[in-house]
Amino acid sequence: MISDANATWLAKLGFAARGVVYILVGWFAVDAALHGGEIADNQGAIGSMAGGPLGPVLLAIVAAGLLGYAIWRLTEAAANPEQITRDAKGSLKRIGHIVSGIAHLILAWTATRLALDLGKGKIAVSPGDESARDWTALLLDQPAGRVLVGAVAVGVLVAAFQQAQKAWRGDFIHDLRGDAPAPGYVCTMGRIGYGARALVFLIVAGLFGLAAWTAHASDAGGVAEALERLQSQPGGKWLLALTGIGLALFGAYSLVEARFRRLHVDLPGTD
């Protein structure tokens with residue numbers, strides 16, 4: 001059985017893995033804006049690691065970290081170690097932990113199957129878009145399907161608001177260890193990163209909202225589709241480049257968190 005100490009170490013590794021993934025997503029976005037390359041989402045960024053000589057090793061490390069991060073998020077939601085209030089605001093925060101945990105479980109599985117070559121080579125650069133449309137089609141086939149897809153849109157919109165709130169307040173910096181004050185540029189880096197995520201999440205929420213309105217699953221999309229929509233706007237080349245830089249800065253801040261964030265995973269039943 002995994003111990004609390006090992007789970008905490010894996011969660012820290014997860015911040016590092018998340019950082020690498022977002023740096024790659026940002027890199028692909030900037031390359032697409034400036035040189036016409038392909039836009040990649042989180043899963044596509046992980047897939048890009050598969051081709052190198054150390055690809056399986058790197059993917060195994062990333063998979064372990066993302067699994068640890070997922071366990072931490074799900075433990076937060078279940079055990080409530082941060083004493084999140086039980087009002088509506090607290091409930092939304094715990095739901096956010098659950099969604100984050102599930103999302104990182106999916107990313108961990110993506111890295112694992114690539115490390116073991118279960119996917120028979122590299123994956124597409126934007127598999128998240130296809131998954132979003134598949135899930136939207138499944139929901140639309142259910143009773144009150146448009147309401148269900150609309151609820152997904154609202155959930156992503158809430159996540160966008162939470163990211164924007166962090167960018168505005170900058171209070172996320174208090175999660176770092178207080179034995180030495182963080183330099184101002186670290187907070188600035190995080191604020192830009194959270195702002196970029198808020199923008200991407202806002203567009204994704206709009207895509208799900210459009211799918212709910214039209215009842216067409218093809219209107220839904222994930223991170224890559226959101227970045228492509230951004231690129232299609234007037235001045236989209238620079239909007240995409242700036243957003244890519246922001247996402248890469250979020251990745252860089254995640255690396256800082258991997259080293260300095262106050263973190264302890266208290267697994268249920270390990271006391």
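The first residue of the sequence shown is numbered 1, and numbering continues consecutively from there.
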Quick one, [X] and [Y] - any side-chain contact, counting heavy atoms below 4.5 Å?
| X | Y | answer |
| --- | --- | --- |
| Gln231 | Ile39 | yes |
| Val99 | Ile102 | no |
| His216 | Leu140 | no |
| Asp171 | Gln165 | no |
| Leu10 | Ile71 | no |
| Ile173 | Val186 | yes |
| Asp41 | Val25 | no |

Decide whether [X] and [Y] are clustered together by the hydrophobic rule: side chain heavy atoms of Ile, Leu, Val, Met, Phe, Trp, Tyr closer than 4.5 Å, transitively.
| X | Y | answer |
| --- | --- | --- |
| Leu199 | Phe28 | no |
| Leu148 | Leu210 | no |
| Leu239 | Ile245 | no |
| Phe172 | Tyr185 | yes |
| Leu24 | Leu58 | no |

Give the minimum heavy-atom separation between [X] and [Y], together with the two atoms involved.
| X | Y | value |
| --- | --- | --- |
| Leu74 | Ile98 | CD2-O, 3.9 Å |
| Thr8 | Leu263 | CG2-O, 3.4 Å |
| Ala212 | Gly150 | CB-N, 3.6 Å |
| Gly221 | Val204 | O-CG1, 3.7 Å |
| Leu207 | Ala226 | CD1-N, 4.1 Å |
| Ala50 | Leu114 | CB-CD2, 4.4 Å |

- Message: Can you tell me if Glu130 has over 12 outside heavy atoms packed within less than 6.0 Å of its CD?
- Response: no

- Item | Aromatic plane relationship, Phe15 with Tyr69 - under 30° parallel, 30 to 60° tilted, over 60° perpendicular | perpendicular

Working to the nearest 0.5 angstrom, can you tell me the gap between [X] [atom1] and [Y] [atom2]?
| X | Y | atom1 | atom2 | result |
| --- | --- | --- | --- | --- |
| Leu157 | Gln162 | CG | CD | 10.5 Å |
| Phe250 | Ile23 | CZ | CD1 | 11.0 Å |
| Leu240 | Glu228 | CG | CD | 9.5 Å |
| Ile203 | Thr243 | CD1 | OG1 | 7.0 Å |
| Leu247 | Asn42 | CG | CG | 8.5 Å |

Main chain of [Y], side chain of [X]: is a donor-acceptor contact present, judged purely on distance under 3.5 Å?
| X | Y | answer |
| --- | --- | --- |
| Arg18 | Leu66 | no |
| Arg229 | Ala224 | no |
| Arg73 | Gly101 | no |
| Ser131 | Gly128 | no |
| Arg261 | Asp175 | no |

- Message: Evaluate Gln43 against Ile106 for side chain to side chain contact (heavy atoms under 4.5 Å, CB included), listing each step before the verdict.
- Response: CA-CA 9 Å; Gln43 294 184 52; Ile106 294 171; 4.1 Å; yes

- Go through Gln142 and Leu138 one step at a time and tell me if the side chain to side chain contact (heavy atoms under 4.5 Å, CB included) criterion holds. CA-CA 7 Å; Gln142 308 307 310; Leu138 180 63; 3.9 Å; yes

- Task: Give the intermediate values and the outcome of side chain to side chain contact (heavy atoms under 4.5 Å, CB included) for residues Leu255 and Phe260.
- Result: CA-CA 9 Å; Leu255 296 179; Phe260 295 106; over 6 Å; no

- Item | Test side chain to side chain contact (heavy atoms under 4.5 Å, CB included) applied to Phe161 and Val156, step by step | CA-CA 9 Å; Phe161 173 77; Val156 179; over 6 Å; no

- Between Arg133 and Glu225, is the closest basic N to carboxylate O distance under 4.0 Å? yes

- Query: Would Tyr22 and Arg197 count as having a side-chain donor-acceptor pair, cut-off 3.5 Å?
  - Reply: yes

